[in-house]
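Proteins come first, then strands; the chains are lettered A, B, ... in the order of their sequence lines, and each starts at number 1. What you see below is based on every heavy atom in this structure, not just the backbone, and it leaves out hydrogens, waters and symmetry mates.
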Amino acid sequence: MARTNDDVAAVLEEYADLLAITGDEDFKVRVYQKAARSIGAHGDDIAGYDAGDLQQIPNVGAKIAAKVAEYLRCGTMAQLEQLRGRIPAGVRELTRIPALGPKRAMALHERLGVDSPESLESAIVAGALHGLPGFGAKTEENLLHGISLLRDAGGRVHLGVAMPLAEDIVGALESVRGCRRCGYAGSLRRMKDTIGDIDVLATSNRPKVLMDAFARLPQVTEVVVHGDKKTSLRTSQGLQVDLRVVPPDAWGAAMQYFTGAKAHNIRTREIAQHHKLKLSEYGLFDAVTEEKIVSATEEEVYRRLGLPWIPPTLREDTGEIQAALAGELPELVTEADVRGDLHTHTDLTDGHATIEDMAAAAAERGYAYYAVTDHGPKLYMQQMTLEKATAQRERLRRLDGTAGVRLLHGVELNIDPDGEVDWQPDVLAGFDLCVASVHSHFDLPRAKMTRRLVRAARNPYVNIIGHPSARLIGRRPPIDVDWDQVFQACARSGTALEINAFPDRLDLAADLIRRAQPYGVRFAVDSDAHAIGHLANLRYGIGTAQRGWLTADDVINTWPLDRLTAFLRKNR
DNA sequence: GCCGTTTTCGGCCCGACTGTTTTCAGTCG
């Protein structure tokens, strides 16, 4: 969450990796990994913590607390430096090669002096691995392949890439004979903003038929592993897709198992252990008799662990287990709660559809209200003028009410570097709502950037800050802002923060949403649609809102129109 | 190295697949 926590988590992970490489005991490695996760997930910034405070964090004992306190004080830890001295950074890099872990990375380093993926490649080509125990011909081949994969690693993709691919694959598998149920799990079901691989789950009594069909899908470029229960393949985008097939009555247990983040699963399995139970993808079993207790549905599995069903979007081990135990899980906002979209475009500026077509599509989606918010004149290439905006308003008023949708006339203003927007108050007052967004000058220093957003939020006519961090996933980092100041300003002035549902934005991001919510900030989950097809992206925004633990009450476009219009008047 | 609703000692999440093994270690998720 907070920056310091991430730094410390990364340092502890590095320490754990180096311990594993040096062959230290497994449980010790796991303990540092566990502590790293706990600190990474810890709600408060630990920057000012002393060793005593640190020990209050789960899985942080006296020894780790001392090391972290040392790191907070000096910027490093003596013991980490010691390991770094023994193990070149390139050796840790070796473990990023698929199928090469700490043990064999160390063997390569000790026996052959290999200290980077590049030097491993040379060693293999030179035949230096011949005769090295545990490294046969097939392994050499796999390592060379792994190094080339690492070199042009596509990395993670956003939801807009992963979701359609997963839905295509699920659709194809559902039509295979013998397939009972099929669905995606993993980070995709959790609606994480980026996806490293796609996990697909199916039930069948004839797994082999399904596995073979999976391996023959047209998107496949490489079959990585191929078994009866698990098959992994790589697609042309370089994305790995795993298919797991379990017996039909294990659907719930398997879904539970393959949906949660690793940390969430470890927590649930630990809870099972405490109850003298064993939890796996096949079910919840009595640890002693091995007798199966439940497996058919996720609800049963959670219930038997003493927990309510936990929505997939919360399964990150960032407090949801404690909340579930305390009966304090939020009632998350869902797509069904949404009554309208408050940020959309038409072909008057950079949209692709007419105002009539967009409004009809909004009606089709069952919205009660719908805002058209084309760009203001300060985004010069859009050639907007006050005359055009006025003409659009008249056209929209004539359409208003058709098919039962209340049409709102809005605008997406541009926030300039000083926090000023396109028009003066007399013009802004003519709009039903104003979205204001940053579209340029992304590199201002933090203080200036913060002042810019705070000023925009305090503008009595600005109702929503659009895509607040201006990030583009994988292409542009978020702007540097003191978010707490912005959250405070938004809460006080009655300005909502947008959760822009465009899959390469998902902005505000879930961790910042969760930080903003306690300030009393309201949110608008908007599609920012530039075409009819984009309206359906809203689901990604809702997933992000859920990951930020939001309820429908936190989201202004779930409100009835009268409550929304009261909010839009701000305190004017 | 951490932790405790059988434990202050003795445990530590679980299972699948591959490759090099002749029964299993290493890796992955």
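The nearest whole Å value for the distance from the CD atom in A:Q273 to the C1' atom in B:dG10 is 13 Å. Atom CG in A:D17 sits roughly 17 Å away from atom P in B:dG26 (whole-Å rounding). The interatomic distance linking A:Y32 (OH) with B:dC12 (P) rounds to 20 Å, in whole Å. The distance from atom CZ of A:R96 to atom P of B:dC28 is 12 Å, rounded to the nearest whole Å. A:Q33 places its CD atom 13 Å from the P atom of B:dG29, with the value rounded to the nearest Å. Atoms CG (A:L83) and C1' (B:dG1) sit 15 Å apart, rounded to a whole Å. Rounded to an integer number of Å, the gap from A:D26 CG to B:dA25 P is 12 Å. Distance A:K63 NZ to B:dC3 C1': 14 Å, rounded to the nearest Å.
Looking at which nucleotide of DNA chain B each of A:A105 and A:T139 is closest to, the 5′-most match is held by A:T139. Mapping A:T231 and A:P58 onto DNA chain B via the closest heavy atom, the residue that lands nearer the 5' end is A:P58.
In this structure, A:S232 does not reach the B:dC28 phosphate: none of its side-chain N or O atoms is under 4.0 Å from OP1 or OP2. Put simply, A:K278 has a side-chain N or O that comes within less than 4.0 Å of OP1 or OP2 on B:dG15. A:R104 has a side-chain polar atom (N or O) that falls below the 4.0 Å cut-off from OP1 or OP2 of B:dT27. A close approach under 4.0 Å does occur between a side-chain nitrogen or oxygen of A:N142 and OP1 or OP2 of B:dG19. Note on A:Y15: every side-chain N or O is 4.0 Å or more away from OP1 and OP2 of B:dG1.
Note on A:P102: only backbone sugar-phosphate atoms sit closer than 4.0 angstrom, heavy atoms only; bases stay farther off. In this structure, A:A16 reaches neither bases nor backbone, as no heavy-atom distance under 4.0 Å exists between it and the strands shown. Looking at heavy-atom distances under 4.0 Å, A:N265 makes no contact with the nucleic acid at all. Using a 4.0 Å heavy-atom criterion, one finds that A:I271 contacts no nucleic acid atom at all. Note on A:A62: only backbone sugar-phosphate atoms sit closer than 4.0 angstrom, heavy atoms only; bases stay farther off.
Among B:dA16, B:dG26, B:dG29, the nucleotide with an atom closest to any side-chain atom of A:E281 is B:dA16. When distances run from any side-chain atom of A:K276 to the nucleotides B:dC2, B:dT6, B:dT27, the shortest one goes to B:dT6. Residue A:D197 places its side chain closer to B:dG29 than to any other of B:dG29, B:dT27, B:dA16. Here the nucleotide nearest the side chain of A:K67, chosen from B:dT20, B:dC3, B:dG1, is B:dG1. With B:dA16, B:dG15, B:dG19 as the choices, the nucleotide that has an atom nearest any side-chain atom of A:K138 turns out to be B:dG19. Distance from the side chain of A:S280 is smallest for B:dC14 among the nucleotides B:dT27, B:dG1, B:dC14. With B:dT27, B:dC2, B:dT20 as the choices, the nucleotide that has an atom nearest any side-chain atom of A:I64 turns out to be B:dC2. Comparing B:dT18, B:dT27, B:dC3 against the side chain of A:H226 picks out B:dT18 as the nearest. Nearest to the side-chain atoms of A:Y257 among the listed nucleotides B:dC12, B:dG1, B:dG29 stands B:dG29. Side-chain proximity of A:V225 to the nucleotides B:dC17, B:dT27, B:dG29 is greatest for B:dC17.
Across all strands shown, B:dT8 forms no Watson-Crick or G-U wobble pair with both key distances under 3.5 Å.
Looking at A:T318 and A:R514, their side chains do bring a donor and an acceptor atom within 3.5 Å of each other.
Environment of CZ in A:R476: crowded, with over 12 heavy atoms of neighbouring residues, nucleotides or ligands closer than 6.0 Å. Other residues, nucleotides and ligands place more than 12 heavy atoms under 6.0 Å from the CZ atom of A:R539.
Comparing B:dT20 with B:dG26, their C1' atoms sit 11 Å apart, to the nearest whole Å. For the P atom pair drawn from B:dG1 and B:dT6, the interatomic distance equals 28 Å after rounding to whole Å. B:dC2 and B:dT8 have their C1' atoms separated by 12 Å, given to the nearest Å. With both ends at atom C1', the span from B:dC12 to B:dC17 equals 24 Å, rounded to whole Å. Between the C1' atoms of B:dA16 and B:dC9, the separation comes to 33 Å (whole Å). The separation of B:dG15 from B:dG10, taken at their P atoms, amounts to 25 Å, rounded to a whole angstrom.
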What verdict does the side chain to side chain donor-acceptor pair (under 3.5 Å) test give for A:S295 and A:D249, after you've listed the backbone C-alpha separation in whole Å, the side-chain angles of each residue and the deciding distance to 0.1 Å?
CA-CA 6 Å; A:S295 65; A:D249 68 351; 4.5 Å; no
Walk me through it: do A:T551 and A:D554 pass the test side chain to side chain donor-acceptor pair (under 3.5 Å)?
CA-CA 5 Å; A:T551 66; A:D554 297 314; 3.1 Å; yes
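Taking a cutoff of 4.0 Å between a charged side-chain nitrogen and a carboxylate oxygen, A:E25 and A:R30 do not qualify as a salt bridge.
Applying side-chain contact (heavy atoms from CB on, under 4.5 Å) to A:E316 and the options A:R190, A:H264, A:K262 leaves one that passes, A:R190.
At least one test fails for A:R244 against the ring of A:F258: distance under 6.0 Å to the centre or angle within 45° of the axis.
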